[in-house]
Amino acid sequence: MKSIRADLWLMPACLLGIALGGVAAGSDLQPILKSHWPGSLTKVAVSGDHAYVALKEGGLRVIDVSDPAQPEEAGGYPASGSISEIVVVGDRLFLGEGQRQSADDPGPGDGLVVLDISDPSVPTFLGNYSPGAGVAISTLAIAGTHAYAVISKQYDGAGWVSGGDFVILDVSDPTRPTRVGGFNPGNVGGSLAVSGGQAYLDDLIIDVSDPTNPHVVEGAEGMRQVDIAVSGNRAYVAKSIGAWVYDLSNPTAPALLGQAGDPGYDTISIAAQGDMAFLAKYSSSSLAILDVSDPTSPRRIGGYFGFIRDVAVSGDHVFLADRDNGLVILDVSRPATPPQAGRLRLHEPEGGGTPGVLAGTKAVFDIASNGSTAYVAAGTSGLHVVDVSNPTRPVRLGGYETAGKAVGVAVEGDRIYLTSQGEGGDGLLILDVANPTEPRFLGSHGTAGDADDVVVRGQLVFLTDANRYSGSQKIAGEGLVVVDVSDPTNPRRVGSLEMSLSRADGPSSLAVVGDHAYVAACSALRVVDISDPAAPVEVDSFEPGGCVMGVAVSERHALVADWQEGLHLLDLADPAHPVRIAGYGLRGWWFGMVIEGSTGYVSNGSGIWLLDLANPDDLRAMGGYSAEWVSTCVNLAGSKVLVGAGDEGLVVMETRPFFRSIMAENGNLHLSWEGAPGTQIESTTNFADPVWETVDGASEAGSCVLPAALTGRFFRLVEP
């Protein structure tokens with residue numbers, strides 16, 4: 001059991017009214033931020049038993065990977081700016097450091113930073129090179145006693161101006177890196193590699209045999225790249241649509257040997273070792289493992305699903321800077337199905353974002369839960385399966401890549417019902433998640449428009465199908481669609497009800513209870529009789545005057561979100577004809593809601609709010625969490641509150657129980673509280689050295705009566 005709060009001391013009866021008079025009015029049910037998924041690693045390098053990783057705005061972290069199954073954070077270095085490159089040579093670590101990419105507060109970076117890592121747990125600053133405030137080193141390579149870097153941008157105090165200087169630094173004295181040569185090659189991008197007296201940058205080959213006089217000796221337009229890795233006399237070039245292999249036997253005239261067969265778009269990083277190359281693909285969220293033993297015909301032999309920003313290889317292990325999961329270590333001794341050897345999630349430091357929060361960017365559109373597992377519909381990155389049993393450390397178990405944008409998800413047993421929309425969208429997808437690490441496709445059902453929200457009831461799935469636009473052409477959706485999924489491999493449409501749903505008005509929300517479906521269609525909340533699923537019939541509507549953005553239902557109530565007018569509570573005593581009985585002035589965009597018992601959990605774009613629905617005559621907020629991120633959806637997993645935080649990912653919260661009222665009557669104390677089912681009361685007589693004992697009489701209803709003899713003690717609520 002987990003102790004939550006110890007904030008109530010019951011005084012002797014004669015002082016009870018004075019001591020406790022304000023408790024009920026001042027208490028709030030406050031969600032506590034437990035963790036934030038995903039993480040935001042940008043670069044990784046490996047040397048010996050240590051991996052060196054860069055957080056988006058969290059500096060350098062050193063990870064002990066001597067046991068890949070249990071990587072441990074060993075140290076770090078607080079970089080002044082963002083880290084664009086990490087290169088390790090012996091006991092020296094070189095950082096390419098840029099400034100914070102903000103015109104409002106650019107913040108100086110230190111340019112090239114040299115660290116002593118003879119003790120990897122305590123990286124020690126040796127020296128740096130910076131041509132001035134505003135430097136941004138975009139790429140870096142080390143060869144011998146020289147560093148090669150590209151300065152891509154500078155901030156001149158008024159705005160960003162183009163840079164583009166290629167510089168060569170003498171780092172033989174690491175305490176005083178000194179520029180010895182360089183020139184401006186123009187607008188170049190991509191990565192940088194140096195081998196055999198040649199530097200390969202974008203589509204340029206630069207002779208650096210004389211560091212004081214670098215010059216372009218040959219154009220190699222075909223080598224234009226986003227990343228490059230050199231192994232032996234071969235260069236492995238990552239382009240936006242795959243990998244190319246070049247022979248560097250003649251370093252001034254690389255010869256194309258072969259290319260991988262379209263492994264995916266938006267390649268972001270490449271690493272190579274021996275007969276394998278590892279290609280990180282950004283938009284398709286995956287790692288492709290290539291067999292390059294025959295360089296004229298590289299082929300994909302395995303892979304890994306994850307939002308990877310950088311990749312490094314050492315021996316039988318590949319190290320990934322995974323935006324979802326932190327540092328991920330794969331065993332590639334079996335490259336066709338590489339098992340995960342270890343993983344370490346890294347937190348942003350205090351003072352650099354919210355303490356205990358993993359920063360990152362990933363659009364979350366919908367969340368479903370089944371016990372301690374959350375299923376996250378994350379837009380273009382598809383479905384993610386996340387273990388939230390430990391709310392402080394949510395762990396990604398697996399995922400499924402969708403052709404379109406994953407926006408709606410529902411779970412029933414071992415099956416996931418996922419909606420995918422946009423060009424190439426799948427409509428309704430049915431997945432088997434009996435093995436959560438590898439969701440398996442069962443079947444799909446296409447829709448005319450953009451499939452949106454989804455609800456499953458037994459063998460029937462209800463979904464909204466909104467209008468879709470292809471250029472200026474409107475493609476009408478089907479409105480409310482009913483699909484029979486008794487055979488998940490062959491789902492079939494059994495009925496529909498035409499209604500105009502437009503994504504331009506916000507996501508269409510759907511709730512089902514009994515024989516009725518409730519559809520938030522902006523212009524109104526539409527009430528549909530689904531007792532005959534083959535012929536749904538609209539029987540009523542609720543038109544609040546504004547745009548209806550969301551709906552959640554319980555057996556007795558419907559909570560309706562109106563963008564202009566706030567929240568409406570409807571009585572469903574007659575489910576075909578809901579009646580408004582209360583309202584609450586909470587406005588916002590992207591309303592997501594769920595009702596559990598007498599509590600409504602509402603996401604309104606700027607945070608999460610908890611409403612007490614027990615007394616409709618006094619509809620009020622019990623608490624909330626105001627966030628800087630944009631909250632887009634909300635769901636529950638036991639006592640945990642799961643919030644889709646838009647581009648920030650998945651946020652896991654818990655609610656704290658609190659004492660609601662305290663009253664002395666007839667020699668007894670009457671206590672009531674808010675908390676999860678199973679919450680208990682404990683007491684002690686000594687708060688300095690407490691021995692807590694369970695107090696008998698706590699009820700599932702959240703109240704108990706105690707004899708007045710228990711006054712003069714400390715009490716606390718304990719959550720199960």
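All values derive from a computational prediction rather than experimental measurement. Residues take their numbers from the sequence shown, with the count starting at 1.
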For Asp247, is there any backbone N or O sitting under 3.5 Å from a side-chain donor or acceptor partner on Asn233? no
Which pair of heavy atoms, one from Pro298 and one from Val292, lies closest together, and at what distance? CB-CG1, 3.9 Å
Could you check if a side-chain atom of Val208 sits within less than 4.5 angstrom of a side-chain atom of Ile168, using non-hydrogen atoms only? yes
Residue pair Ile117 / Arg92: nearest heavy atoms and the distance that separates them: CG1-N, 4.0 Å
State, yes or no, whether a side-chain contact exists between Leu112 and Asn128 at a heavy-atom distance under 4.5 Å. no
Interatomic distance, CG@Leu140 vs OG@Ser84, rounded to 0.5 Å, equals 7.0 Å
Enter the distance from His50:NE2 to Arg61:CZ here, rounded to the nearest 0.5 Å. 15.0 Å
Given 3.5 Å as the limit, does a donor-acceptor pair link the side chain of His215 with the main chain of Asn213, or not? yes
Within the side chain of Thr175, is there an N or O that forms a donor-acceptor pair under 3.5 Å with the backbone of Gly127? no
Report the distance from atom OG of Ser297 to atom CG of Leu257, rounding to the nearest 0.5 Å. 11.5 Å
Would you say Val89 and Phe94 make side-chain contact, with heavy atoms under 4.5 Å? yes
On a heavy-atom basis, which atom in Ala45 and which in Val88 lie closest, and how many Å separate them? CB-CG2, 4.3 Å
Is there side-chain contact between Ile205 and Tyr200, with at least one heavy-atom pair below 4.5 Å? yes
Full working for side chain to side chain contact (heavy atoms under 4.5 Å, CB included) between Tyr52 and Leu93: CA-CA 9 Å; Tyr52 302 86; Leu93 185 144; 3.4 Å; yes
Can Asn184 and Phe166 be said to form a side chain to side chain contact (heavy atoms under 4.5 Å, CB included), step by step? CA-CA 6 Å; Asn184 190 327; Phe166 172 72; over 6 Å; no
May I ask you to test the Leu126-Leu115 pair for a side-chain heavy-atom distance under 4.5 Å? no
Side chain to side chain contact (heavy atoms under 4.5 Å, CB included) for Arg179 and Tyr129? Distances and angles first, verdict last. CA-CA 8 Å; Arg179 175 170 175 161; Tyr129 168 82; 3.6 Å; yes
Can you check whether Gly258's main-chain N or O pairs, donor with acceptor, with Thr296's side chain at less than 3.5 Å? no
Test item: Val245 and Arg234 side chains (from C-beta on) under 4.5 Å apart, heavy atoms: yes
Is there a donor-acceptor pair closer than 3.5 Å between any side-chain N or O of Asp291 and the backbone N or O of Ser293? yes
Note: Gly111 and Ile137 closest approach over all heavy atoms is C-CD1, 3.4 Å
With rounding to the nearest 0.5 Å, note down the distance linking CZ in Phe278 to CD in Gln273. 7.0 Å
Spatial distance of atom NZ (Lys43) from atom CG (Leu60) [nearest 0.5 Å]: 13.5 Å
Nearest atoms (heavy-atom pairs only) where Ala74 meets Ser121: O-CB, 3.3 Å
Shortest non-hydrogen pair, Asp170 vs His146, comes out as CA-CD2, 3.9 Å
Could you check whether any side-chain N or O of Thr178 sits under 3.5 Å from a backbone N or O of Arg176, counting only pairs where one atom can act as donor and the other as acceptor? yes
Pair Ile367-Tyr375, side chain to side chain contact (heavy atoms under 4.5 Å, CB included): steps then yes or no: CA-CA 6 Å; Ile367 305 168; Tyr375 303 91; over 6 Å; no
Got a donor-acceptor contact below 3.5 angstrom from the Ser420 side chain to the Leu418 backbone? no
Below 4.5 Å, heavy atoms only, C-beta onward: do Phe365 and Lys405 meet side chain to side chain? yes
For the residue pair Tyr77 and Phe125, categorise the inter-ring angle as parallel (less than 30°), tilted (30 to 60°) or perpendicular (more than 60°). parallel
Nearest-0.5 Å distance, CD of residue Glu73 to CG of residue Asp64: 11.5 Å
Indicate yes or no: at least one non-hydrogen side-chain atom of Asp426 is less than 4.5 angstrom from one of Thr402. yes
